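Reminder, nothing fancy here: chain letters follow the sequence lines and each chain counts from 1. Remember, it's a predicted structure, so these values are computed and weren't measured experimentally.
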There are 2 protein chains.
Amino acid sequence: MQRMTKQRSAVSEALAGLEDFRSAQQLHELLREHGNSVGLATVYRTLQALAEDGDVDVLRTPDGEAVYRRCAQDGHHHHLVCRSCGRTVEIEGPGVEAWADQVGAAQEFTAIQHTVELTGICSDCRPVGR
Amino acid sequence: MQRMTKQRSAVSEALAGLEDFRSAQQLHELLREHGNSVGLATVYRTLQALAEDGDVDVLRTPDGEAVYRRCAQDGHHHHLVCRSCGRTVEIEGPGVEAWADQVGAAQEFTAIQHTVELTGICSDCRPVGR
DNA sequence: CCTCAGTTTGACAATCATTCTCATCTGAAA
DNA sequence: TTTCAGATGAGAATGATTGTCAAACTGAGG
């Protein structure tokens, strides 16, 4: 059974106060700074549990680090990340959702989940003069 | 300047003979089995170089391992993977490609790249009786 | 074919995120 | 308050990936 411990709520609260993705290590550091000393292993365990319950989204940075963010209350969406400066824009994919379910059904797959991430070069990073 | 060495061509050849994604470790093992003894570090370096040149695609497995595949000559496509047994189906996303470019352009991003992966439970793994 | 400089290689050490271990602690039900 | 299964944390362990550096190799010239 899941218990409500101070460290578990501390992690949840930290996530609640953030808009974007953070790594387990960053969250751990953040908690320490705020006086909430929580073990690194516990941060990992808690994030894992939250991810399983669908309370947080997980994705991988290009270098393989896992980053977490509380599930957007404002609905499911995806990201467009600048490969140069890391600027992130949240986007919605009305068509993509439907497409994913449709494709899955056509292959006789159920419980379809999808990962869609876009990367590009943002206007600020585009070489000047063009 | 890039030189052509036997290990470099060995890696390329190994990739040429494969359809799906393999990790650096798997490729390393594969090469050893075929008598092409190549250092693990070299496999990593070569794959990195190939990825930079856009000759291979890289993506991350859910547990963070990097997997590589030669760039599909047969056109860009995505995967639908069974979360239970790992069975993989290749799928095409006519609409998704267009959607990605469109969304990117709307945000003033250029050189858009996208990652789209679907997971689900395949018919073989679905609980019987329903 | 022979030489030479700059590359590349490979064995092994070093990183680094994440997971495991296990003794100790704690929430919450009775 | 008692009780104990679930939870914690310090540190070890794991495993992929990268760094190190002397030795081997490639390719251009001669």
From [atom1] of [X] over to [atom2] of [N], roughly how many Å is that when rounded to an integer?
X: B:L50; N: C:dT8; atom1: CG; atom2: P; answer: 13 Å
X: A:H28; N: C:dA17; atom1: NE2; atom2: C1'; answer: 13 Å
X: A:Q26; N: C:dC16; atom1: CD; atom2: C1'; answer: 14 Å
X: A:E29; N: C:dA17; atom1: CD; atom2: P; answer: 11 Å
X: B:D63; N: C:dT19; atom1: CG; atom2: P; answer: 9 Å

From CA spacing to verdict: side chain to side chain contact (heavy atoms under 4.5 Å, CB included), B:F109, A:V89: CA-CA 10 Å; B:F109 275 59; A:V89 177; 4.1 Å; yes

Going by heavy atoms closer than 4.0 Å, what residues in residues 32-40 of chain A are next to DNA chain C?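 Here the set is A:L40.
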
With heavy-atom distances below 4.5 Å as the criterion, would you say the side chains of [X] and [Y] are in contact?
X: B:H78; Y: B:H114; result: yes
X: A:D55; Y: A:L15; result: no
X: B:Y68; Y: B:V11; result: no
X: B:L27; Y: B:L18; result: yes

Side chain of [X]: nearest nucleotide among [options]?
X: B:T42; options: C:dT18, C:dG10, D:dG6; answer: C:dG10
X: B:M4; options: D:dA7, D:dG27, C:dG6; answer: D:dG27
X: B:Q25; options: C:dA11, D:dT26, D:dT17; answer: D:dT17

Please report the interatomic distance CZ(A:R70) to CG(A:D20), rounded to the nearest 0.5 Å.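 CG of A:D20 is found 9.5 Å from CZ of A:R70.
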
With a 4.0 Å cutoff (strictly under), does any side-chain N or O of [X] reach OP1 or OP2 of [N]?
X: A:Q48; N: C:dT19; result: yes
X: A:Q7; N: D:dG9; result: yes
X: B:K6; N: D:dT26; result: yes
X: A:Y44; N: C:dT18; result: yes
X: A:T5; N: C:dT26; result: no

Using every non-hydrogen atom in the two residues, find where A:L31 and A:A10 come nearest and quote the distance to one decimal. CD2-O, 3.6 Å

By nearest nucleotide on DNA chain D, pick out whichever of A:V43 and B:A66 is the more 5' one. A:V43

N/O donor-acceptor pair, side chain B:R45 with base C:dG10, under 3.5 angstrom: yes

For a quick check, tell me whether the side chain of B:R3 and the base of D:dG27 share a donor-acceptor pair closer than 3.5 Å.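 Under the 3.5 Å cut-off, the side chain and the base do not form any donor-acceptor pair.
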
Closest nucleotide of DNA chain C for B:R8 versus for A:E65: which of these residues is on the 5' side?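 Its nearest nucleotide lies further toward 5', so the answer is B:R8.
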
